[in-house]
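First up is the structure itself, then whatever we jot down about it.
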Amino acid sequence: MDKTYQPAAIEKNWYETWENNGYFKPSGEGEPYCIMIPPPNVTGSLHMGHGFQESIMDALIRYHRMKGHNTLWQVGTDHAGIATQMVVERQLDADGISRHDLGRDKFIEKVWEWKEESGGTITRQLRRLGASPDWSTERFTMDDGFYKAVQEVFIRLYEDGLIYRGKRLVNWDPKLHTAVSDLEVLSEEEDGFLWHFRYPLTDGSGHLVVATTRPETMLGDSAVAVHPEDERYKHLIGKTITLPLVGREIPIIADDYVDMEFGTGCVKITPAHDFNDYEMGQRHDLPLINVFNDDAQINKNAPEKYQGMDRFDARKLIVEDFEALDLLEKIDDHKLKVPRGDRTGVVIEPYLTDQWYVKTQPLADEAIKAVEGGDIEFVPKQYENMYFSWMRDIQDWCISRQLWWGHRIPAWYDEDGNVYVGRSEEEVRENNNIAADVALKQDDDVLDTWFSSGLWTFGTLGWPEETELLKTFNPTNVLVTGFDIIFFWVARMIMLTLYFRKQVPFSTVYVHGLVRDSHGQKMSKSKGNVLDPIDLIDGIDLESLVAKRTGGMMVPHLRQKIEKQTRKEFPDGLAAYGTDALRYTYYSLASTGRDIKFDVGRIEGFRNFCNKIWNASRYVLMNCEVQDDEGNRVDAQDCGQNGSDDYELSVADRWIVSKLQQAEKAVAEGVESYRFDLASQALYDFIWNEYCSWYLELSKPILNSDDFSAAQKKGTRRTMVRVLETTLRLAHPLMPFITEEIWQRVKDLAGAEGDTIMTAALPICDDSKIDEQAMTDVEWLKGVIEGVRNIRGEMNISPAKSIPLFFANGSDNDQRCLNENTLFLQKLASLESATWLNAGDEAPLSATALVGEMEILVPMAGLIDVEAETARLNKEIDKIKKDVGRVEGKLNNPKFVDKAPAEVVQKEKDKLADMQSALGKLEEQIGKLAEL
RNA sequence: AGGACUAUAGCUCAGUUGGUUAGAGCGCUACCUUGACAUGGUAGAGGUCCCCAGUUCAAAUCUGGGUAGUCCUACCA
């Protein structure tokens, strides 16, 4: 074995072995356990959020697989309608071609080509993370089989009256020429203006002043509204206004939606271009006057002068024209929320179009019940509130998109505009008796991507066929996802699955936090603070990292800023930490759903942890194998691997086995409560601070000295290799590669069998293996050793220097412990001698430490300075005195003694007694020093 | 405007039903190349648990009120 752990040397090989041997497939035996991957965008690449999420899922999957469950991790990718279409359009654009030049069929061919070419990126990256999904059933939401499910759902919902077509205001992206959902619109506060226009009354008796942030929409005004109680305007209600620039006569109406306090108290109403105005238009039966075309240019419903103008050019001109007519009252600065498309960044327009909708309320009612009734549980729980608040106020879902890439809507129209829904044109003709000579045309639109991903949990398993897979793995166990797509995806999966399967899609939703950079900033390309998980695994030099972060950056000063900040934060680039260290970092930060700040310092610590495991294993192998000069095995030592029982266990052996049980329990509790931070912490602590720091150190005196018998040596070898082997299995779900690599070499020495650690049994805590006596004895041993080390450390005694040690004021138990552990003490505390003092025995002048009641004494002669020791003792005394004061205060308070439970009072009394006894001894010691 | 979450060591975070000497990792200081590991070892320093009030014998923990930050949801033309 190499002296340091080299992740790159092993990861790829093990992954290929696992995949080629089909270890990721469900075993077909045991209780089913299933996770559906949230399908990543097929054209995307792995970011830190994916890395976090996939690592969690893989830990759960590997954990349950090792527990003997019939485990399926269903994998696949999403066709991501808008995102993918945009990518391909951009590519074509570079060659000066638009998708319309190509035509729909050719364009879709291009998209498929692009998918074939780049669609494998993210799945390759998933493999680098060590993810163990069943690749043999990988699905894509545009697969033929999946399309069948999508079509079936659409048709059934239509037939059940839950899908309808209607002309409504939608969020229109003028760049993409499609409707987008509320959730795809981001509103940010921006600086703008509030223009105040004078609208003259038709009868010439004056004017009203209306304020607007979007002057161009005035071309479509169909009323002016005031509050019915507004004394200023009450008398004008029912009169009309002659709309400037347009000349249309529009009514002044009363509606209590109007806020009298805001602006002038008069509102222009444009029902075709504003959601609130649309509703008011419905109430007052106002005409809908659409003045835009698909590009958000002024259309022919407006005066000729403005026709064909871009909306923002028209805005400018309209303001100028108002000014010219002396109808511009004033312009105020105004902050407003501007809705922008999350993909394109252009301002979204409320726009009147024909769209398909899902009537959501009936579905939502059931979906709410499923969570209220506990059939679905969110972890952490507070996300249920978020879910409820959205579901209780849900709007009908617009599912049509004016795109080419996606599931085409299975609806056909005849020349009279009648609509027929069916599985194919043939079926539609047959079912509706439409003659062959009647022309039918399929709807051009495709379905919202979330419509298909909403079927993910059952569509991937063969639905609408009632397959074995479906029966076995539905409902799935847990969905692991970010809170940002609870509405987009989780809620929709719940609604659709309940409707079509009459069961929940999953019983638990584990919501994890967002991965941020080390300063808590959201990682984004434009901020230039993204970390690529693969770079953390493989490492990257500074120049490449800078190039990567600034690549595609158009704005020069941003480029410079990012370059500067990158060079400052990572002056040496990123080291190659390996997959296991990356994964462990994720786990250590995965507490209760809060956002995680990813600090590279953490991953370095876990790389070191991997190295620790590696080297501990080297040590174990050195002792359990017969090795040649290169460290290769030439033979095995007798570690009891043949089942023989001629061995003897030391107190350390019994102790580490006890500690192992506790670690197994803690890891299981952590994983099962989705507290991967606690699980990883428990494991780290056991491996580093128990097994390496103490157990392996305690093994050295046994293995290297003639004072121990062959049976004792064998007991130690047996324990050390078996505990290591078990620990590897315990750690495997979290760190798959290093555990497999080492396990392969130790398994036979530990008497274990199997081709891979992946399918070996998960270690389960066995309380009967916990040896309380061994636990307290080793604590005693540690206490003595730490006492000596403390004196050494503070008194600057070289660790190389052997010293004599005396024990005073000890109990029978102390004496027993000393007798049984002298050899350990001598080695671990580098003692020259250990001498038990009976009552009355003269002790040399010494530095002192306390282990319970017992004093341990390091003679000062030639080693320790009186002043230094006095200072050290005083420091200790001060510390204790502070606590004594506090505890005495408590005990002197009669209310405490009366009201607190007896055991709490007793505990305080014991504490005080211990401290006072310690104080007495330390002060006595100081006294002795002072006499000199 | 409404709601949620967060505030603990220099940094990143744990801290169960109120009773701990408030912990871990990283960083810091000193010493140590001892034969698994310097990606290491030993020892140490470092905390007004955001502030104020309350409940209680007892509050990092419970309640109320602030402050700061993050994020949702709804937004007024």
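Residue numbers begin at 1 in each chain, while the letters A, B, ... track the order of the sequences. The structure presented is a predicted model; accordingly, all values stated were derived computationally and were not measured.
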So what does A:Arg789 touch, heavy atoms closer than 4.0 Å: a base, only the sugar-phosphate, or nothing?
sugar-phosphate
Just call it for A:Arg675: base, sugar-phosphate, or nothing, with non-hydrogen atoms closer than 4.0 Å on any strand.
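Answer is sugar-phosphate: A:Arg675 comes under 4.0 Å of backbone atoms only.
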How does each nucleotide of [range] score, in 5' to 3' order, for protein heavy atoms under 4.0 Å: base (B), sugar-phosphate only (S), or none (-)?
range                        : value
nucleotides 1-7 of chain B   : ----SSS
nucleotides 17-26 of chain B : --BSS--SS-
nucleotides 67-75 of chain B : ---SS--BB

Could you give all pairs that pass the salt bridge (Lys or Arg N to Asp or Glu O under 4.0 Å) test and reach residues 692-703 of chain A, with sequence neighbours left out?
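Found A:Glu697-A:Lys700.
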Which pairs, with at least one residue in residues 600-613 of chain A and sequence neighbours excluded, count as a salt bridge (Lys or Arg N to Asp or Glu O under 4.0 Å)?
A:Glu604-A:Arg607
Could you check A:Cys266 against A:Tyr619 and say which one's nearest nucleotide on RNA chain B is further toward the 5' end?
A:Tyr619
Short side-chain N/O contact from [X] to OP1 or OP2 of [N], under 4.0 Å:
X        : N     : result
A:Ser591 : B:C13 : no
A:Lys612 : B:C37 : no
A:His334 : B:A77 : yes

From the set B:G44, B:A36, B:A43, return the single nucleotide nearest to any side-chain atom of A:Met622.
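Shortest atom-to-atom distance from the side chain points to B:A36.
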What donor-acceptor contacts under 3.5 angstrom involve side-chain atoms of residues 572-579 of chain A, with partners at least two apart or in another chain?
from     : atom 1 : to       : atom 2 : distance (Å)
A:Thr579 : OG1    : A:Glu11  : OE1    : 3.0
A:Thr579 : OG1    : A:Arg128 : O      : 2.8

For RNA chain B, determine which residues of residues 580-588 of chain A have any heavy atom closer than 4.0 angstrom to one of its atoms, and list them numerically.
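Residues of residues 580-588 of chain A that come under 4.0 Å of RNA chain B do not exist, since none gets that close.
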With sequence neighbours excluded, what pairs up with A:Asp677 under the salt bridge (charged side-chain N to carboxylate O under 4.0 Å, His left out) test?
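Only A:Arg675 meet the salt bridge (charged side-chain N to carboxylate O under 4.0 Å, His left out) criterion with A:Asp677.
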Mind checking side-chain hydrogen bond (donor to acceptor under 3.5 Å, both in side chains) for A:Arg789 and listing every partner two or more places apart, or none if nothing turns up?
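So A:Arg789 forms no side-chain hydrogen bond (donor to acceptor under 3.5 Å, both in side chains) with any residue.
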Please name all residues satisfying side-chain hydrogen bond (donor to acceptor under 3.5 Å, both in side chains) with A:Asn790, sequence neighbours left out, ordered by chain then number.
A:Arg872
Mind checking whether A:Trp390 and A:Phe487 have parallel, tilted or perpendicular rings, split at 30° and 60°?
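It falls in the parallel class, under 30°.
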B:A22 versus B:A9 - spacing of their C1' atoms, nearest Å:
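It comes out at 11 Å once rounded to the nearest Å.
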Hey, is the side chain of A:Lys3 pairing donor to acceptor with the base of B:A38 inside 3.5 Å?
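In this structure, the two groups form no donor-acceptor pair.
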Distances for protein N/O vs nucleotides 46-49 of chain B N/O pairs under 3.5 angstrom?
none

Annotated structure of RNA chain B as dot-bracket, pair cut-off 3.5 Å, Watson-Crick or G-U only, | for inter-strand, is (((((((..((((.....[...)))).(((((.......))))).....(((((..]....))))))))))))....
